[in-house]
Amino acid sequence: MLEFNFTPFPVIETERLLLRRITNDDVNEVFELRSNPETMKYIPRPLVKNNEDALAHIAMIDEKIETNVGINWAITLKDNPKLLGIIGYYRMQPENYRAEIGYMLSPDFHGKGIIPEAVNVLLKYGFEDLKLHSIEAVIDPENYASEKVLQKCGFVKEAHLKESEFWEGKFLDKVIYSLLNS
């Protein structure tokens with residue numbers, strides 16, 4: 001069985017991006033992302049209502065890192081420390097050598113190749129450093145932009161679960177994409 005250890009926190013760089021730890025200084029940007037109905041459209045979670053909610057979200061991220069059960073990074077451009085998005089590993093299954101990748105990005109930065117760049121470097125980290133065997137992504141079937149990102153990064157569609165989650169009075173479908181360490 002795998003054992004994850006996120007101490008010290010792994011700061012990751014790409015050609016354009018710096019993936020760093022999210023801090024309380026990012027509260028305004030986390031609030032903007034998690035309170036925006038557009039960025040949360042395909043994420044069945046409550047919208048944050050104020051900075052206290054955003055700080056609670058940051059604390060939850062920190063707690064998962066401290067206990068080695070999940071990890072999230074702030075997505076920033078190398079020349080600007082402002083958080084543009086969040087990417088990380090959720091629902092980690094050390095017994096199955098598997099984890100779920102998830103991400104969100106400010107609408108101002110959509111269509112610039114930021115998410116594929118971040119996903120690709122995190123795939124490398126997941127397979128090489130965390131020793132994962134498979135990485136999954138769970139998306140809303142109508143989230144075509146996310147589907148394109150996953151396909152571009154080599155993921156294949158594994159399942160379409162019909163009405164498998166109940167959220168705000170309705171049943172939602174979800175699609176699972178995955179990638180094996182080859």
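Worth saying up front: this structure is predicted, and the values here are computed from it rather than measured. Count residues from 1 along the sequence. Just the heavy atoms: all of them, side chains too, but no hydrogens, waters or symmetry mates, feed the values below.
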Leu33 versus Leu84, closest heavy-atom pair with distance: CD2-O, 4.2 Å
Which one of Val11, Ile86, Val121 satisfies the side chain to side chain contact (heavy atoms under 4.5 Å, CB included) criterion with Leu19? Val121
Given side-chain contact (heavy atoms from CB on, under 4.5 Å), test Glu147 with Ile139 step by step and report yes or no. CA-CA 8 Å; Glu147 183 178 51; Ile139 63 168; 3.8 Å; yes
Please round to the nearest 0.5 Å and tell me the distance separating atom CG of Asn68 and atom CD of Glu3. 9.0 Å
Considering all heavy atoms of both residues, which atom of Val30 and which atom of Ile22 are nearest to each other, and what is their separation? CG2-CG2, 4.2 Å
Strictly by modelled atom types, are Asn72 and Tyr90 linked by a side-chain donor-acceptor pair under 3.5 Å? yes
Mark yes when over 12 heavy atoms from residues, nucleotides or ligands other than Lys152 sit less than 6.0 Å from its NZ; otherwise mark no. no
Is atom CD of Glu15 surrounded by more than 12 heavy atoms (other residues, nucleotides or ligands) closer than 6.0 Å? no
Considering non-hydrogen atoms only, spot the tightest contact between Val175 and Pro141 and give its length. CG2-CB, 3.6 Å
Look at the side-chain heavy atoms of Ile, Leu, Val, Met, Phe, Trp and Tyr, link any pair under 4.5 Å apart, and say whether Tyr89 and Leu180 land in one connected group. no
Which heavy atom of Ile135 sits nearest a heavy atom of Phe155, and at what distance? O-CE2, 3.4 Å
Atom of Glu100, atom of Ala137 and distance for their closest heavy-atom approach: CG-CA, 4.4 Å
Could you go through Trp73 and Phe6, starting from their C-alpha distance and side-chain angles, then the distance that decides it, and tell me whether this counts as ring-ring contact (aromatic ring centres under 6.0 Å, His included)? CA-CA 11 Å; Trp73 289 263; Phe6 303 124; 7.4 Å; no
Please report the interatomic distance CD(Glu29) to CZ(Arg34), rounded to the nearest 0.5 Å. 15.0 Å
So, Tyr177 and Ser146: side-chain donor and acceptor under 3.5 Å apart, yes or no? no
Nearest non-hydrogen partners of Cys153 and Leu179, listed with the distance: O-CD2, 3.9 Å
Mind checking whether Leu2 and Ile65 sit in one hydrophobic cluster, side chains of I, L, V, M, F, W, Y counted as touching below 4.5 Å? yes
Give me the one residue out of Arg20, Arg21, Lys82 that meets salt bridge (charged side-chain N to carboxylate O under 4.0 Å, His left out) with Asp26. Arg20
Main-chain N/O of Ser134 paired to Asn181 side chain as donor or acceptor, under 3.5 Å: no
If the test is salt bridge (charged side-chain N to carboxylate O under 4.0 Å, His left out), which one of Lys157, Lys174, Arg98, Arg91 qualifies with Glu136? Arg98
